[in-house]
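Have a look at the structure below, then the notes.
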Number of protein chains: 2
Amino acid sequence: MRYHAVTLHAMRLLLLSNSVDHGRGYLDHAAEEIVSFLGQVERVLFVPFAARDHLAYSHNVRARFLALGIEVERAQPDRASRGAVERAEAVFVGGGNTFRLLDRLQRAGLLDALRRKVLEGTPYIGASAGSVIAAPTLKTTNDMPIVEPASFEALALVPFQINCHYAGPGASSSHMGETREQRIEEFHEENDAPVVGLREGTWLRREAGVLKLRGAPGARLFRRGCSPLELSDGADLSFLLEDPAT
Amino acid sequence: MRYHAVTLHAMRLLLLSNSVDHGRGYLDHAAEEIVSFLGQVERVLFVPFAARDHLAYSHNVRARFLALGIEVERAQPDRASRGAVERAEAVFVGGGNTFRLLDRLQRAGLLDALRRKVLEGTPYIGASAGSVIAAPTLKTTNDMPIVEPASFEALALVPFQINCHYAGPGASSSHMGETREQRIEEFHEENDAPVVGLREGTWLRREAGVLKLRGAPGARLFRRGCSPLELSDGADLSFLLEDPAT
């Protein structure tokens with residue numbers, strides 16, 4: 001998919017690796033960044049579809065955002081929500097299971113509406129699964145494929161893949177003895193897109209055509225056929241936006 | 001899908017959680033069981049599609065089986081392999097990435113041929129991904145979805161789901177802080193099928209209508225809305241075959 005440079009320049013993203021950090025409260029580690037990112041926004045449309053219980057999830061998110069002085073509207077998993085997306089001042093897509101999230105967005109016909117809205121400049125905040133779907137596909141999720149979405153294609157708001165909760169090098173992951181790095185290497189046996197492994201406590205912020213990494217734990221960049229590259233807090237990753245395919 | 005009881009009675013399966021156990025050599029922990037399961041079989045058709053490098057993989061498998069006195073033929077990922085499936089004395093589907101394995105079987109049009117062949121009584125050995133696809137779907141794989149298969153539907157040789165390399169209760173898995181048990185609970189938020197979590201060093205053997213668990217580490221059975229059930233070496237799991245849907 002190709003967008004005009006002017007559209008891409010308007011895009012505003014805040015993609016969090018995780019929503020709960022090391023025993024702190026929900027979104028506490030990113031609260032300051034969220035407030036600075038949302039600026040004058042008074043009301044956020046919350047997409048809870050990655051979780052099973054939308055009501056309970058929205059209740060928690062509403063309480064957290066109210067403490068920041070921001071109201072929360074809950075998106076419904078149906079086509080009628082397209083109007084809510086179109087009216088949204090900003091969107092927050094929460095974590096949970098990425099397959100379920102993508103499936104519900106597809107079934108509700110909200111994927112295109114959401115993509116168009118963000119391309120127009122509406123601020124998009126993602127956490128975990130909500131960050132993963134900002135990539136072209138969900139192929140770098142850590143989640144179990146409990147639901148079969150119609151397609152693995154996601155929002156493609158950035159031209160690279162995102163792996164949240166990245167741990168490594170070294171720490172073994174879901175497979176006994178298989179590290180997260182090995183899983184991402186396996187991705188590159190089949191795919192070309194670079195992968196940003198976002199450690200917990202980190203996030204990506206994109207605005208005015210600039211993409212920056214924030215958070216002390218840093219991140220790791222994997223490119224097919226290259227050695228992984230360690231990325232530090234504050235790193236300018238705008239070069240990753242220059243994929244001619246997006 | 002529904003099969004006649006007579007067909008189901010003929011089915012012979014050996015489903016290994018893993019092919020390398022705790023620092024031992026490839027298939028060493030299951031060599032005796034494989035020999036007993038294959039009986040008079042002289043030649044096995046090996047399906048290496050879960051790995052990237054089919055040749056290297058088959059080379060290793062051939063060496064291991066030759067040491068057991070069994071020849072190995074490598075399946076090719078194309079429709080011409082249907083004849084090889086139809087002629088096979090026995091089939092061994094190796095581990096790797098479950099999404100890639102299912103995708104290649106679907107693209108080569110081999111899924112139905114393989115299913116029919118096993119229903120006729122041809123012995124089927126699976127290891128890891130090769131065991132996962134014996135279930136109705138791949139929805140309980142631990143693998144990263146690096147490839148998008150046309151469908152999540154797999155061989156459905158048993159009416160329950162299989163989770164290989166099962167670790168727990170307690171051990172955290174791919175997600176930071178998320179246990180394998182939590183991932184399987186998430187599966188049951190969306191699906192009804194029971195899940196057998198096969199710890200490393202265990203396997204399921206099905207013949208003459210009887211399904212048994214083998215291996216000292218045991219397994220864990222998860223059913224929607226029930227507490228998990230611990231399963232021990234030698235447990236008769238034939239009750240799991242009584243799902244009226246298969």
Side-chain angles (χ1 to χ4, degrees), chain A residues 17-18 20-23 50-53 95-100 102-104 128-129 132 137-153 161 163-167 171-180 182-191 193 195 199-201, chain B residues 17-18 20-23 50-53 95-100 102-104 128-129 132 137-153 161 163-167 171-180 182-191 193 195 199-201:
Chain A
S17 174
N18 53 315
V20 178
D21 203 45
H22 300 293
R52 177 173 57 165
D53 187 340
N97 185 286
T98 314
F99 290 90
R100 177 159 52 195
L102 190 58
D103 176 72
R104 300 303 191 264
S128 195
V132 171
T137 74
L138 61 46
K139 289 182 178 177
T140 47
T141 178
N142 306 311
D143 294 334
M144 195 170 260
I146 60 170
V147 167
E148 180 174 354
S151 157
F152 282 7
E153 284 185 28
Q161 289 289 128
N163 180 253
C164 287
H165 310 278
Y166 178 75
S172 85
S173 122
S174 154
H175 260 141
M176 301 291 280
E178 194 184 51
T179 64
R180 187 68 63 79
Q182 285 168 326
R183 293 164 78 89
I184 294 172
E185 276 170 15
E186 210 171 68
F187 170 82
H188 280 140
E189 289 175 6
E190 300 284 340
N191 303 275
V195 180
R199 293 198 185 87
E200 300 213 326
Chain B
S17 175
N18 52 314
V20 178
D21 202 45
H22 300 293
R52 178 173 57 167
D53 188 339
N97 185 286
T98 314
F99 289 90
R100 177 159 51 196
L102 190 59
D103 177 71
R104 300 304 191 262
S128 194
V132 171
T137 74
L138 61 46
K139 289 183 179 177
T140 47
T141 179
N142 307 310
D143 294 334
M144 196 171 258
I146 61 170
V147 167
E148 181 175 354
S151 158
F152 282 7
E153 284 186 26
Q161 290 289 129
N163 180 253
C164 287
H165 310 279
Y166 178 75
S172 85
S173 123
S174 155
H175 260 139
M176 301 291 280
E178 193 183 51
T179 65
R180 188 69 63 79
Q182 286 169 325
R183 293 164 78 89
I184 294 172
E185 276 170 16
E186 208 171 69
F187 170 82
H188 279 142
E189 289 175 4
E190 299 284 339
N191 303 275
V195 180
R199 293 197 184 88
E200 301 213 325

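In the text below, chain A, chain B and the rest are named by the order of the sequence lines, each starting its count at 1. Treat the numbers as computed from the prediction; the structure is a model and nothing was measured. The basis for the numbers below is simple: all heavy atoms, side chains too, and nothing from hydrogens, waters or symmetry mates.
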From [X] [atom1] over to [Y] [atom2], what is the distance, rounded to the nearest 0.5 angstrom?
| X | Y | atom1 | atom2 | result |
| --- | --- | --- | --- | --- |
| A:Arg52 | B:His188 | CZ | NE2 | 11.5 Å |
| A:Asn97 | B:Arg183 | CG | CZ | 8.5 Å |
| B:Glu185 | A:Ile146 | CD | CD1 | 11.5 Å |
| B:Glu186 | A:Asp143 | CD | CG | 6.0 Å |

Legend entry - Qualifying residues under side chain to side chain donor-acceptor pair (under 3.5 Å), relative to B:Ser17, sequence neighbours excluded: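 Per chain and number, B:Ser17 pairs via side chain to side chain donor-acceptor pair (under 3.5 Å) with no residue.
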Inset, instruction - Mind checking side chain to side chain donor-acceptor pair (under 3.5 Å) for B:Arg104 and listing every partner two or more places apart, or none if nothing turns up? - result: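 Residues passing side chain to side chain donor-acceptor pair (under 3.5 Å) with B:Arg104: A:Glu190.
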Inset, instruction - Flag the one option from B:Glu148, B:Gln161, B:Arg100 with the top tally of heavy-atom pairs under 4.5 Å to chain A. - result: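 Top count of heavy-atom pairs under 4.5 Å with chain A: B:Glu148.
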Per-residue contact mode, [X] against chain A (heavy atom under 4.5 angstrom):
| X | answer |
| --- | --- |
| B:Thr137 | neither |
| B:Asn18 | neither |
| B:Ala150 | backbone |

Inset, instruction - Quick one: sort the A:Phe99 and B:Phe99 rings into parallel, tilted or perpendicular, breaks at 30° and 60°. - result: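 Aromatic pair A:Phe99/B:Phe99 classed parallel.
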Inset, instruction - Go through the steps to decide whether B:Thr141 and A:Met144 satisfy the test side chain to side chain contact (heavy atoms under 4.5 Å, CB included), and finish with yes or no. - result: CA-CA 7 Å; B:Thr141 179; A:Met144 195 170 260; 5.9 Å; no
